[in-house]
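Written out below as structure tokens is the structure these notes cover.
Below, chain A is the first sequence line, B the second, and so on; all start at residue 1. Keep in mind that the numbers below use all heavy atoms, side chains included, and drop hydrogens, waters and symmetry copies.
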Amino acid sequence: MKEVLLPRARPSRWVEFGFQGLSILMALLFTTLVLLMAGAPPIEAYRQVLEGAFGSLKRATDILVAWVPLMLVTSGLLLTFTAGLWNIGVEGQIVLGAIAATGLMRALQETSLPPSLILILAMAAGMVGGAAWASLVGLLKIYGGVHEIFGGLGLNFVATTMILWLIFGPWKRPGIGSMSGTEPFPEHLWLPVFPGLRLSPWALLLALLSVALVYVLLRNTYFGLRLKAIGKNIRAAHRLGVPTARYLLLALLGCGAMAGLAGAIQVTAVYHRLIPPISSGYGYLGLLVAMLANYRVSWSVPVAFFFAALNIGSIQLPITLKLDSTLSGVMQGALVLFVLLMQGARARWRSKPVTEQGDDA
Amino acid sequence: MVPHRYRWIIASLFLSVALALAACAQPAATPAPATATAPAAPQPTPTAAPAQPTPTAAPKGIIFGMLLVGPYNDRGWSQAHYEAGKYVEKKLPGAKMLYIDKVNPADRPGTTASQLAEELVAQGAKVIIFNSDDHKDEAIKFARAHPDIVVIHASGDDAWKEGKNYKGIPNLANVMGQMEYGKMIAGCAAALTTQTGKIGYLGPLINDETRRLAASAYLGAKYCWEKYLNKPAADLKFKVTWIGFWFHIPGVTADPTQVAQDFINSGYDVIISGIDTTEALREAAKATQAGKKVWAIPYDYIGACEEAPDVCLGVPYFNWGPSYLAHIKAVLEGTWKPSWDWVGPDWKDINNPDTSHVGFVKGKALSPEASARLDEFIKGLGDGSIQLWKGPIRLQDGTLYVEEGKVATPQQIWYLPQLLEGMEGQSVPTK
């Protein structure tokens with residue numbers, strides 16, 4: 001126990017800074033190379049992405065629209081990563097949150113309940129749905145011995161099947177069989193947005209709250225400390241009296257609730273209906289953000305923002321340069337690869353193994 | 001513990017690198033065409049009264065934006081729209097098209113069509129064309145939020161005063177071709193060619209539009225089967241299989257390649273495609289290479305046969321150019337008004353690129369006899385001697401839909417609630 005609490009020797013922060021900077025430069029170089037191979041002017045492409053991301057207030061707030069679900073998911077994932085869990089099932093947890101929120105709104109939209117209450121209940125339903133789905137991953141792991149990666153992947157497939165079945169079946173639009181989605185909700189059941197923008201202050205607030213919550217949990221509580229102990233060495237933690245099964249489950253429940261909330265926000269604030277790709281891949285992207293941020297809450301905020309900005313900015317590429325906007329995906333992938341590469345290089349340079357994962361918030 | 005400000009410094013490196021790049025980029029980018037900013041020159045607003053022709057003001061340019069649901073080069077629905085945009089650019093000096101393709105949430109996660117439309121407006125577009133039935137809700141949302149932009153939604157009915165969904169939005173128009181005729185011709189060509197008497201229809205999703213188009217293909221097939229081949233209608237099998245969307249989305253829709261193979265393996269030797277892409281044609285070509293005799297009829301795009309001409313019986317296609325030209329010209333001249341256009345073929349020449357909204361190009365695989373009969377059929381459709389939407393027409397469940405001697409109203413055709421009697425396949429989704 002003492003060992004866990006002792007501060008570890010760290011390399012100079014300037015060295016750390018240098019390694020991180022180097023990986024970013026390498027990712028930029030790599031993306032530039034890809035652009036050149038595609039026959040596109042790289043500088044102009046980067047300029048378009050920047051302009052597309054920050055060129056107007058609306059665009060800048062659009063970044064936040066994408067940042068909200070990404071940040072919610074990433075916050076949740078930081079809990080599970082800290083506990084040493086690879087919660088790949090986060091995609092399915094977003095989907096189940098969206099399904100639960102949609103189900104609740106469909107059930108209550110004809111009633112005379114005030115819209116604000118319905119929306120609050122929808123958010124709660126999303127959290128419950130996501131948490132319930134995540135608990136399956138946990139139960140499979142703890143009682144079934146199924147590794148959370150396989151359990152999660154399997155449950156992701158089940159979630160996709162479920163959402164398709166609902167959209168083509170019980171929740172289809174009258175006379176229509178299409179994956180386009182369910183009937184849109186009436187406008188009074190849309191999460192309110194800033195006038196003229198797409199950003200909802202409530203969604204933003206929920207994302208900020210979740211970041212703050214995870215930050216405090218991991219830094220200032222026994223809960224966080226025990227999660228870290230489990231993440232470092234689950235057997236040791238168990239012998240020292242940490243109820244590991246309960247904590248693993250709690251981490252998954254927390255992550256599932258935040259992912260489910262992201263799903264509920266996608267339904268109530270972005271698409272205003274249920275569509276098959278409702279998760280928008282934010283689950284997998286959240287995994288990348290957490291890795292790139294070195295599993296730290298404070299870093300994950302700007303990294304998630306950067307990823308969201310890339311997504312919004314790259315919309316310009318097909319319009320002005322006739323480039324495929326999947327370029328943002330290339331850039332994100334390259335960044336993660338090079339950062340992981342540099343972490344390896346740094347570890348060698350220090351000539352001792354590191355397990356940085358979740359060592360502090 | 002590392003002081004937190006250092007972490008923020010590291011994190012902010014992302015931003016500084018990006019900003020440094022921007023600073024470098026600024027001078028280099030200036031000589032490039034300034035597409036990023038909206039033209040500063042005064043623009044004619046679409047709602048303004050016709051401008052006074054002043055000697056200094058030559059006809060100004062106009063930028064129109066197009067949102068394509070699929071890839072711009074899909075050899076189907078989206079490419080037909082893309083080529084129409086090129087046609088407008090050619091015919092209307094000063095007109096310039098901006099487009100985004102793959103506008104659907106599976107290909108562009110996290111974005112909505114109205115958000116992408118706003119990006120086109122930010123680049124100066126004054127007219128936005130939403131090209132898919134899938135964009136219906138987004139087109140309405142966008143039109144209501146941007147009353148100064150003219151919105152054209154292809155295939156919708158929200159601007160149809162006599163329709164079921166009239167919204168009365170002053171800046172929203174609908175354009176659709178009377179593809180019913182194209183599908184009748186396709187059905188006829190299929191019936192004249194099939195050797196097994198089994199025609200497969202590869203359907204997209206199920207809605208009013210897809211039901212009436214599949215039904216039209218069946219009506220054409222049945223007519224030619226009975227009238228030209230003198231065979232009883234009961235011997236003609238016509239089966240519709242739906243994939244769930246306008247094109248294949250792996251893991252979400254059924255796989256059209258698989259559906260086409262299933263048709264071929266169960267003896268269907270002509271496949272009529274109702275989806276945006278050309279899987280049916282590809283699979284027919286593959287089966288033919290393997291020694292079977294299978295033909296296909298693609299859809300939407302005039303050049304669709306090129307992919308496998310030897311098994312292509314022809315293609316019913318849309319020619320959106322003239323309609324879009326008329327709309328955009330009207331916007332430029334300040335005379336635009338919302339309308340619901342359900343435009344038919346030009347029967348004098350259904351393949352006239354400047355006048356006919358719907359056409360049919362025969363394929364290499366169509367036999368000379370079948371070709372001659374098809375010409376006779378097209379002539380009959382054009383002069384009104386052949387009227388296929390005429391009673392008695394029964395729905396799939398046996399209910400009489402159009403009474404004996406009566407011709408179906410446009411509403412009855414547009415909002416066809418089921419497939420027709422004699423057709424196999426789902427009328428309404430039950431999955």
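Heavy-atom minimum distance, A:T160 versus B:G251: CG2-O, 4.4 Å. B:R211 and A:G175 get closest at one heavy-atom pair: NH1-O, 3.1 Å. A:P318 and B:I100 get closest at one heavy-atom pair: CG-CG2, 4.4 Å. Across every non-hydrogen atom of A:Y271 and B:G110, the tightest pair is OH-N, 3.1 Å.
Atom OG of residue A:S180 and atom CG of residue B:N104 lie 9.5 Å apart, to the nearest 0.5 angstrom. Between A:I312 atom CD1 and B:E119 atom CD the span is 8.0 Å, to the nearest 0.5 Å. Interatomic distance, OG of A:S178 versus CG of B:D134, reported as 6.0 Å (0.5 Å rounding). The CZ atom of A:F168 sits 9.0 Å away from atom CZ of B:F245, with the distance rounded to the nearest 0.5 Å. With rounding to the nearest 0.5 angstrom, the CD atom of A:Q316 is 5.0 Å from the CD atom of B:Q123.
Contacts of A:F157 with chain B are absent, with no heavy-atom separation under 4.5 Å from either backbone or side chain. Both the backbone and the side chain of B:T111 come within contact range of chain A, each with at least one heavy atom under 4.5 Å from a heavy atom of that chain. Only the side chain of B:K102 comes within contact range of chain A, judged by heavy atoms closer than 4.5 Å. Contacts between A:L70 and chain B at a heavy-atom distance below 4.5 Å are absent for every atom of the residue. Interface remark: B:Q115 contributes backbone and side-chain atoms alike to the contact with chain A (heavy atom separation under 4.5 Å).
A salt bridge links B:E118 with A:R198: at least one charged nitrogen is closer than 4.0 Å to a carboxylate oxygen. Contact check on B:D137 versus A:R173 returns a salt bridge, with a Lys/Arg side-chain nitrogen under 4.0 Å from an Asp/Glu carboxylate oxygen.
Ranked by heavy-atom pairs under 4.5 Å with chain A, the first of B:E138, B:K141, B:K136, B:Q418 is B:K141.
Within a 6.0 Å radius of OH in B:Y415, other residues, nucleotides and ligands contribute more than 12 heavy atoms. Other residues, nucleotides and ligands contribute more than 12 heavy atoms inside 6.0 Å of the OH atom of A:Y284.
Residues A:I319 and B:L120 are in side-chain contact: their nearest non-hydrogen atoms beyond the backbone lie under 4.5 Å apart. Using a 4.5 Å heavy-atom cutoff, the side chains of B:Y72 and A:K322 are not in contact.
With hydrogens and angles ignored, the 3.5 Å screen pairs no side-chain donor or acceptor of B:R108 with any backbone N or O of A:I315.
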B:I249 vs A:M179, side chain to side chain contact (heavy atoms under 4.5 Å, CB included): CA-CA, chis, key distance, verdict: CA-CA 10 Å; B:I249 301 175; A:M179 63 77 77; 3.5 Å; yes
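With B:P105 as reference, A:P277 is the one residue of A:P277, A:P276, A:S280 to meet the side chain to side chain contact (heavy atoms under 4.5 Å, CB included) rule.
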